Amino acid sequence: MTMTRQPLHRRRPLTALSLLLVVLAMSLGPTPSSAAGTDWWNPTARPAPDSQINVTGEPFRGTGAQGEVRGFVDAHNHLMANEAFGGRLICGKPFSTAGVAAALKDCPEHYPDGSLAIFDFITNGGDGRHDPDGWPTFADWPAHDSLTHQQNYYAWVERAWRGGQRVLVNDLVTNGVICSVYPFKDRGCDEMTSIRLQAKLTYDMQDYIDAMYGGPGKGWFRIVTDSAQARRVVEQGKLAVVLGVETSEPFGCKQILDVAQCDRADIDAGLDELYDLGVRSMFLCHKFDNALCGVRFDEGGLGTAINVGQFLSTGTFWQTEKCTGPQHDNPIGGAAAPGAEKELPAGVEVPSYDDDARCNKRGLTDLGEYAVRGLMKRKMMLEIDHMGVKATGRALDLLEAESYPGVISSHSWMDLNWTERVYRLGGFIAQYMHGSQQFGAEAARTKALRDEYGVGYGYGTDMNGVGGWPAPRGADTSNPVRYPFRSTDGTAVIDRQTTGQRTWDINTDGAAHYGLVPDWIEDIRVVAGQEVVDDLFRGAESYLGTWGASERHEAAVDLAAGAPATASSAESNPFTSYAPGRAVDGNRDTRWASGWSDDQWLRIDLGSTHTVGRVTLDWERAYAKAYRVEVSADGTNWRSVWSTTTGDGGLDTVLFAGVPARHVRVHALDRGTDWGYSLYEVGVHGS
């Protein structure tokens with residue numbers, strides 16, 4: 001497939017918006033740099049009044065001694081979530097041409113006292129009442145526990161960049177069902193329409209910042225579309241911004257009564273469009289089961305509310321089953337959610353669930369597998385957080401079968417037992433923005449794996465993501481953050497952050513907005529130690545390493561494709577063929593099936609001798625519990641190179657030291673079902 005790719009350097013013309021912003025900045029009264037022309041990190045004209053940055057010192061540039069980039073990575077943020085859910089769920093904007101007072105302004109229905117801040121009291125308890133005024137007083141927001149107010153004002157993002165962050169993933173986000181049931185909105189609820197708008201506004205925010213620095217390409221906020229471009233941006237000391245997507249029905253791929261509302265053509269068209277928008281990573285499902293995959297459940301009352309949304313969206317509630325391995329989804333629980341449950345039709349109730357059935361019955365669908373392969377084809381990265389473990393396991397199977405490294409867990413929503421599997425592939429992991437004590441404990445739990453695989457660590461702030469953020473540890477704590485403090489690299493001095501008449505302190509305010517990310521990192525250093533921060537400072541290099549490896553990935557030649565195949569037996573059927581060749585024909589709609597007895601084999605002649613080191617086996621439901629992979633040079637003398645007695649079906653990737661072989665045989669010894677053995681496809685690859 002031919003795709004239109006973004007150019008390596010995205011140079012946008014000086015738009016009417018850019019010109020307007022230059023004029024606006026001048027008319028509001030420029031705040032000149034203290035050394036214009038030399039302090040490249042200070043804008044030549046910042047609108048006044050505006051938020052303060054409260055960081056001094058030149059941002060670090062260049063690479064480390066080994067040529068690696070340095071800096072923190074936020075792998076999960078939502079800069080433009082105020083445009084999601086109908087446009088009135090998250091109040092305030094990350095920037096406005098009319099200035100800070102217009103940007104940091106509450107939703108109109110929140111005036112005069114927050115009585116109609118419905119989502120605020122649903123998520124935060126109480127009655128939702130608050131002082132709606134933002135600029136300049138900020139009496140009640142932003143706050144670490146206020147989930148409906150803007151946390152990503154551009155100047156706060158600038159402060160995080162000045163404090164050492166060098167990569168930011170902006171996940172374009174929305175949810176059509178939440179939009180449809182929320183009473184306040186100023187636009188339609190189509191998810192892809194919102195995604196397009198958020199992508200456009202991210203580029204507009206880049207223009208807005210560029211205008212302060214003299215024109216296109218001169219600002220610190222740089223949207224990047226490949227890893228090499230991102231590295232150049234970081235080496236210049238600027239912030240590389242990557243676009244991702246986190247939405248419940250991508251490409252319109254919802255399911256109603258278990259019937260998919262999209263097809264493969266929709267997926268291809270959707271992936272191509274997202275790629276052309278600059279998107280390079282995405283979730284396939286989020287909160288609600290869709291036509292691609294089943295989700296990882298939410299817990300408690302929130303889980304009940306989302307399960308109601310699942311029913312309203314799809315016509316079915318979540319369905320659970322007993323897990324087949326140590327991984328499991330979150331417990332749904334039986335907590336009530338009266339506000340949501342009243343939306344159900346008369347006579348319909350949220351079902352109860354067995355305590356020992358913790359896994360979503362819905363896994364990765366055939367369309368979901370097609371989407372995963374589509375991401376690999378386009379060198380994009382798959383986000384596995386929010387996928388149920390059944391879907392995640394199959395997705396990792398697919399990635400392992402192709403040795404594809406492009407897998408991301410960006411904010412602690414996958415089962416923790418998958419950590420090594422992600423690292424083994426070459427993927428990247430970030431932890432949710434927990435409080436410093438919890439963050440440090442989780443970082444310590446996985447420290448040995450990071451050291452073993454030589455990788456850095458990331459955080460996912462999920463700002464504007466309705467998740468909640470670190471609470472203050474208190475002014476009387478024995479080990480507070482002491483202001484001012486130095487950045488991790490030592491070049492910047494960071495003081496308390498002031499916007500308008502409000503000054504925030506991480507000790508007493510917690511992580512109230514994005515500008516306090518450097519303060520939170522300092523809190524981690526104080527509480528959890530420098531070693532955790534050092535791993536985080538290597539995060540940008542590791543994230544870009546995963547991205548770059550995905551771009552360079554080339555599908556290995558399948559030596560078995562179309563090769564002659566024989567078998568010990570083949571199931572007889574008057575309507576279809578289950579001949580051995582069906583397992584090497586490249587078509588997953590066909591398969592080889594054996595007779596219904598234990599000792600069976602499938603043999604493939606590669607035509608000539610090759611060095612073989614990887615075999616993939618895509619089992620139908622009739623799988624082998626015990627089997628071995630054997631090789632031969634002459635088709636007579638065989639030796640085993642790999643075996644198992646704990647097979648569980650699905651997609652197996654068998655790895656072994658490369659050996660010369662012309663013939664490869666899958667020798668099945670013990671059936672996992674009452675049927676025989678059945679394989680959709682067998683692949684044979686070099687070492």
Side-chain angles (χ1 to χ4, degrees), residues 21 24-25 28-29 31 46-54 77-124 126-160 182 184-186 201 204-205 208-209 461-469 471-472 496-506 508-517 519:
L21 293 173
L24 174 68
L28 289 175
T31 304
R46 187 191 298 277
D50 203 2
S51 172
Q52 298 180 36
I53 307 302
N54 306 105
N77 191 8
H78 302 294
L79 293 178
M80 300 297 168
N82 57 290
E83 302 295 345
F85 318 109
R88 296 267 278 276
L89 196 70
I90 306 294
C91 306
K93 302 177 181 179
F95 75 99
S96 172
T97 57
V100 64
L104 297 180
K105 183 178 181 180
D106 214 337
C107 292
E109 59 274 7
H110 288 197
Y111 291 88
D113 63 357
S115 296
L116 292 180
I118 298 172
F119 198 72
D120 205 41
F121 65 70
I122 288 175
T123 56
N124 199 20
D127 58 10
R129 297 195 178 201
H130 62 275
D131 183 337
D133 288 338
W135 177 272
T137 58
F138 300 105
D140 285 339
W141 65 271
H144 73 90
D145 57 354
S146 174
L147 310 187
T148 62
H149 292 100
Q150 182 60 240
Q151 297 172 298
N152 281 319
Y153 186 58
Y154 91 91
W156 298 338
V157 179
E158 180 178 351
R159 176 179 161 91
Y182 193 63
F184 304 110
K185 58 181 72 70
D186 53 21
L201 289 173
D204 288 349
M205 183 164 158
Y208 178 82
I209 295 168
T461 62
D462 203 17
M463 290 278 178
N464 286 358
V466 197
W469 296 274
R496 292 175 179 83
Q497 199 282 318
T498 297
T499 303
Q501 298 169 14
R502 177 78 184 271
T503 296
W504 281 272
D505 183 320
I506 193 74
T508 55
D509 296 306
H513 63 67
Y514 207 79
L516 296 173
V517 167
D519 312 53

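Computed from a prediction, not measured in an experiment: that's the story for all the values here.
- Relative orientation of the F95 and Y208 rings is tilted, given thresholds of 30° and 60° on the angle between their planes.
- Shortest non-hydrogen contact noted between Y111 and P132 is CD2-CG, 3.4 Å.
- Under the salt bridge (charged side-chain N to carboxylate O under 4.0 Å, His left out) criterion, D113 pairs with R129, not counting sequence neighbours.
- Nearest heavy-atom pair, L516 versus I506, reported as atom, atom and distance to 0.1 Å: O-CD1, 4.3 Å.
- Side-chain atoms of Y182 and F119, non-hydrogen and from C-beta on, do get closer than 4.5 Å to each other.
- T137 is not listed as a side-chain neighbour of R502, based on a closest heavy-atom distance of 4.5 Å or more.
- One distance of note links NE2 of H513 with OG of S51; it measures 6.5 Å at 0.5 Å rounding.
- Contact record, Y514 with V157: CD2-CA, 3.7 Å, taken as the closest heavy-atom pair.
- In this structure, D186 CG and R88 CZ are separated by 5.5 Å, a value rounded to the nearest 0.5 Å.
- Annotation: the span from T148 atom OG1 to I118 atom CD1 amounts to 11.5 Å, rounded to 0.5 Å.
- Nearest approach of N464 to A81, heavy atoms of both residues: O-CB, 3.5 Å.
- The main-chain N or O of T461 is found under 3.5 Å from a side-chain atom of W469 such that the two form a donor-acceptor pair.
- For D519, the salt bridge (charged side-chain N to carboxylate O under 4.0 Å, His left out) test picks out R159, with sequence neighbours left out.
- Under the side chain to side chain donor-acceptor pair (under 3.5 Å) test applied with S146, the options H149, Q150, H144 reduce to a single match, H149.
- At least one donor-acceptor pair closer than 3.5 Å links the side chain of Q497 to the backbone N or O of Q52.
- For the pair N54 (side chain) and T498 (backbone), a donor-acceptor distance under 3.5 Å is present.
- Closest heavy-atom contact between M463 and A511: CE-O, 4.1 Å.
- The distance from the CG atom of L104 to the CG atom of D133 is 12.0 Å, given to the nearest 0.5 Å.
- Residues W156 and T499 come closest through the heavy atom pair NE1-OG1, 2.9 Å.
- Here the CD-NZ distance, from E83 to K93, works out to 7.0 Å after rounding to the nearest 0.5 Å.
- Here the straight-line distance linking atom CG of D106 with atom CH2 of W141 works out to 5.5 Å at 0.5 Å rounding.
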